[in-house]
Protein chains: 2
Amino acid sequence: MVNPIEALNKIFDSRIRLGVMSILIVNDSVSFNELKQMLELTDGNLASHLNTLEQADYLKVQKAFIGKKTNTTYFITDLGRQAFKAHLDALEKMIKGV
Amino acid sequence: MVNPIEALNKIFDSRIRLGVMSILIVNDSVSFNELKQMLELTDGNLASHLNTLEQADYLKVQKAFIGKKTNTTYFITDLGRQAFKAHLDALEKMIKGV
DNA sequence: AAAAGTGCTTTGTTTTTCAAAGTTAAATAA
DNA sequence: TTATTTAACTTTGAAAAACAAAGCACTTTT
């Protein structure tokens with residue numbers, strides 16, 4: 001038998017990063033503040049998890065002004081979408097005992 | 001919107017513990033050594049993760065002799081099955097954006 | 001001018017993860 | 001009978017990760 005956990009992505013061990021990806025995969029663009037409110041996190045904690053996902057090229061950032069307010073918006077990348085799906089597939093296979 | 005990650009079980013953040021549960025949910029009884037081989041872990045690492053799951057009453061242990069050899073076998077508990085399913089449900093809901 | 005909001009970074013503590021080595025007890029080989 | 005091996009841990013310690021809280025730069029609102 002092949003080790004069932006080796007196909008799981010370590011980056012997605014984190015509940016918070018899973019949450020971010022889940023939000024971004026259906027919403028296609030979400031601001032820092034929206035994420036913060038949805039996930040109920042402190043700024044620093046969110047920023048560091050976003051940074052981990054960014055380092056992995058799973059999401060990209062766009063800084064802009066909306067009206068006069070600064071706004072940081074996050075998008076999932078193709079690689080991120082791919083990695084997330086692969087992780088979910090691996091999870092499903094593992095659970096189903098394939 | 002309700003925080004999508006709060007229904008996730010922290011115990012299942014760990015890939016290894018997820019793996020153990022996935023194995024036990026379909027196999028109903030697996031020995032320490034089988035788990036060790038399937039998941040490719042060191043003794044200590046496996047023991048500590050099993051301990052975490054035991055503390056949570058997600059699995060129970062049975063020590064016995066099989067022939068003349070000592071054997072430690074792990075079983076999932078009802079609570080464990082329940083918690084695991086609840087976690088998977090929460091994951092699914094989160095991913096589907098419900 | 002003061003207060004508040006955005007989006008971080010920094011700092012430092014706590015928690016978690018893990019490998020490696022040590023341990024106990026039984027089994028088997030020499 | 002002594003030595004080795006196997007099973008299943010426990011202990012130790014190091015490294016990594018998670019997190020809250022505070023600080024900061026900048027802007028906007030009051």
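Reckoned from all heavy atoms, side chains included, excluding hydrogens, waters and symmetry mates. Just so we're on the same page: letters track the sequence lines, and every chain starts at 1.
Using a 4.0 Å heavy-atom distance criterion, A/Asn71 is classed as a sugar-phosphate-only contact. Within the 4.0 angstrom heavy-atom criterion, only backbone atoms of the sugar-phosphate kind lie near A/Ser14; the bases stay farther away. B/Leu41 comes within 4.0 angstrom of nothing in the nucleic acid, heavy atoms only. Using a 4.0 Å heavy-atom criterion, one finds that B/Asp13 contacts no nucleic acid atom at all. Contacts of A/Asp43 with the nucleic acid, taken as non-hydrogen atoms under 4.0 Å apart, include base atoms. Contact annotation for A/Leu46: no contact, since no heavy-atom pair falls under 4.0 Å across all strands.
Residue whose closest nucleotide on DNA chain D sits further toward the 5' end, between A/Ser48 and A/Thr70: A/Ser48. The residue among B/Thr72 and B/Lys10 whose nearest nucleotide of DNA chain D lies closer to the 5′ end is B/Thr72.
In summary, contact between chain B and DNA chain D, defined as any nucleotide atom under 4.0 Å from a heavy atom of the protein, begins and ends at D/dA7 to D/dT10 in the 5' to 3' direction. On the nucleic acid side, DNA chain C has its first and last nucleotide under 4.0 Å of a heavy atom of chain A at C/dT6 to C/dT9, going 5' to 3'.
Judged by distance alone, with hydrogens and angles left aside, the side-chain atoms of A/Arg15 form no donor-acceptor pair with the main-chain N or O of B/Ile5 at under 3.5 Å.
Rounding to the nearest 0.5 angstrom, the gap separating the CG atom in B/Asn33 from the OG1 atom in B/Thr73 is 10.0 Å. In this structure, the separation between CD on B/Glu92 and CG on A/Leu88 is 10.0 Å, given to the nearest 0.5 Å. Taking CG from A/Asn27 and CE from A/Met38, the interatomic distance works out to 5.5 Å, rounded to the nearest 0.5 Å.
Under a hydrophobic clustering in which Ile, Leu, Val, Met, Phe, Trp and Tyr are joined whenever their side-chain heavy atoms come within less than 4.5 Å, directly or via other members, B/Phe12 and B/Phe75 fall into different clusters.
Applying the 6.0 Å contact sphere to NZ of B/Lys60 captures more than 12 heavy atoms from other residues, nucleotides or ligands.
Residues B/Leu59 and B/Val20 come closest through the heavy atom pair CD2-CG1, 4.0 Å. In terms of heavy atoms, A/Lys10 sits closest to A/Arg17 at O-NH2, 4.2 Å. Of all non-hydrogen atoms in B/Tyr74 and B/Leu24, the two that sit nearest each other are O-CD2, 3.4 Å.
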